[in-house]
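In what follows, chains are A, B, ... by sequence order, proteins preceding strands, each numbered from 1. If you're wondering where the values come from, they're calculated on a predicted model, not measured in any experiment.
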Amino acid sequence: MSTTSIAYHFLIKTLIRTPLSFDHIPPILDRIELVENFETPEYIFVELIRFYGCSGRFEEAVDVFCNIPSFRCVPSALSLNSLLLVLCRRNQGLKLVPCVLMKSRVLNIRLEESSFEILISALCRFGKVGYAVEILNCMICDGFDVDMRIFSLILSSMCEQKKGFGSGDFGVLGFLESMRKVGFCPGMIDYAKVIKVLVKERRGLDALDVLNQIKAARMKPDIVCYTMVLNGVIMEGEYDKADELFDELLVLGLVPDVYTYNVYINGLCKQNNVKGGLDVLLRMEKMGCKPNLITYNVILKALCKFGKLDQAKELLSEMSLNGVGADLQTHRIMLDGLFGKGEIDEACVLMEEMLDKCLCFYCSTYDEIISGLCQRGLVCKALDLVEKMACKNVAPRPKSWEAIVLAFSNELSLPEAVWTGLVSSAKTQGGT
DNA sequence: GTAGGGTTAG
């Protein structure tokens, strides 16, 4: 390498580090091109491309790349990749990519596996998985060895697409199948992602199918996969299959964790088998698996649904003894349960407690309680609650006001508090 | 050998 080229490289490197040096670069390049006659090393262009690209000057970066031959240099995938990398960072740069690819053909640059990888990851990042798949197919056709990471990346992007990729040949399952034919060996994470999407799309039986595929590939599905599939079949109401799955994972020597138990208990509760749910709760504790908030909420909800309020209250104190604090959801479940069983007084107490504890969210049961009180002629009590809600900035819905006004309809005039409440309620409704 | 992917309700 010539001393001159080293000097130019130094000069350019220095300029790149100097702020606002854009104007100084073209004259130097002109000089190298027209006055000097050394073979310019490619890495000088790589640095320039990165520099322009990182400054958002995509066109200039592309110009540098296209003009490389004028500098007595044969461009390779090295400069192409550096250009692709910067262009692929932003949508604006991405638009120039097709042009660059055509130009690189003219320049006789053979795309390398790494070039494809850059393009595919960019397309996946921008949510254009369809194009990523097309490029993947090109790679396969051209006889490239595709890195497993690329398959996983595309699969994972497919799974993250907002619009479900659904069934058929163009879905996740179709992709998985066709990629397996060209040598892709999905790992547990790949399978888990596919299962997750299927369950999310409420296709529990397809998820079960994938679980069987894992087994067919002589792999042992792990507890996460089992848990998701279990959840999937339960959502589809396939409770027999759920039982089979639970037995199966035990036979395989997998240890259910709190997620697994929660899903299973939820399934039992959905079958109205609260007793079964409680049994499993005992069993998991015995096995050393601590129930969490979700475990309790699921069972509490089932107990309340069947009006087993005493048992629910018992479980409530049990959970706090176990160090699991009730959350908003827990309170809502209990409130609904109490109200549903007609225990308005207790529901009132709980409602006040919730407001005191600053669990200050709007809850439709509040309105039901207020209406319920009004219907029983306990309008003063209802007004107390409304006031308490106001203190916590929780506004009753119009339904509550209607009930209150109705309760006063036999009287000559509404109390002032009701008027102001009504007015501010109207304002809020108008504003939203 | 590792991490990582998973649970109620709305």
Visitor: Without decimals, in angstroms, what is the distance between M228(A) CE and dG4(B) P?
Guide: 15 Å
Visitor: By a strict heavy-atom criterion of less than 4.0 Å, which residues belonging to residues 288-305 of chain A are in contact with DNA chain B?
Guide: N292(A), I294(A), N297(A), V298(A), K301(A)
Visitor: If I take atom CE in residue M188(A) and atom C1' in nucleotide dA3(B), what distance separates them, rounded to the nearest angstrom?
Guide: 13 Å
Visitor: What integer distance in Å separates I195(A):CD1 from dG4(B):C1'?
Guide: 14 Å
Visitor: Whole angstrom is fine here: how far is it from CE in M219(A) over to P in dG5(B)?
Guide: 16 Å
Visitor: Below 4.0 angstrom, N of the basic side chain to O of the carboxylate: do E318(A) and K313(A) qualify?
Guide: no
Visitor: Before you tell me yes or no, could you show the steps for Y264(A) and D243(A) under side chain to side chain donor-acceptor pair (under 3.5 Å), namely the whole-Å CA-CA distance, both residues' side-chain angles and the distance that decides it to 0.1 Å?
Guide: CA-CA 8 Å; Y264(A) 192 54; D243(A) 284 333; 2.9 Å; yes
Visitor: From the options dT7(B), dG5(B), dT8(B), select the nucleotide whose nearest atom is closest to the side chain of V263(A).
Guide: dT7(B)
Visitor: Could you check whether any side-chain N or O of D190(A) sits under 3.5 Å from a backbone N or O of G187(A), counting only pairs where one atom can act as donor and the other as acceptor?
Guide: yes
Visitor: Report which part of the nucleic acid K196(A) touches: base, sugar-phosphate, or nothing (heavy-atom distance under 4.0 Å, all strands).
Guide: sugar-phosphate
Visitor: Report yes if a donor N or O on one partner sits less than 3.5 Å from an acceptor N or O on the other, where the partners are the side chain of T227(A) and the base of dG5(B); otherwise report no.
Guide: no
Visitor: Between dT8(B), dT7(B), dG4(B), which nucleotide has the shortest distance from any of its atoms to the side chain of Q329(A)?
Guide: dT8(B)
Visitor: I need the full list of side-chain hydrogen bond (donor to acceptor under 3.5 Å, both in side chains) pairs touching residues 117-143 of chain A, with sequence neighbours left out, sorted by first then second residue.
Guide: E117(A)-R149(A)
Visitor: What is the distance from atom OG1 of T295(A) to atom CG of L281(A), rounded to the nearest 0.5 Å?
Guide: 7.0 Å
Visitor: Looking at residues at least two apart in the chain, or sitting in another chain, which of them share a salt bridge (Lys or Arg N to Asp or Glu O under 4.0 Å) with E177(A)?
Guide: R180(A)
Visitor: dT8(B) C1' sits how many Å from M319(A) CE, rounded?
Guide: 12 Å
Visitor: Without decimals, in angstroms, what is the distance between Y191(A) OH and dG6(B) C1'?
Guide: 18 Å
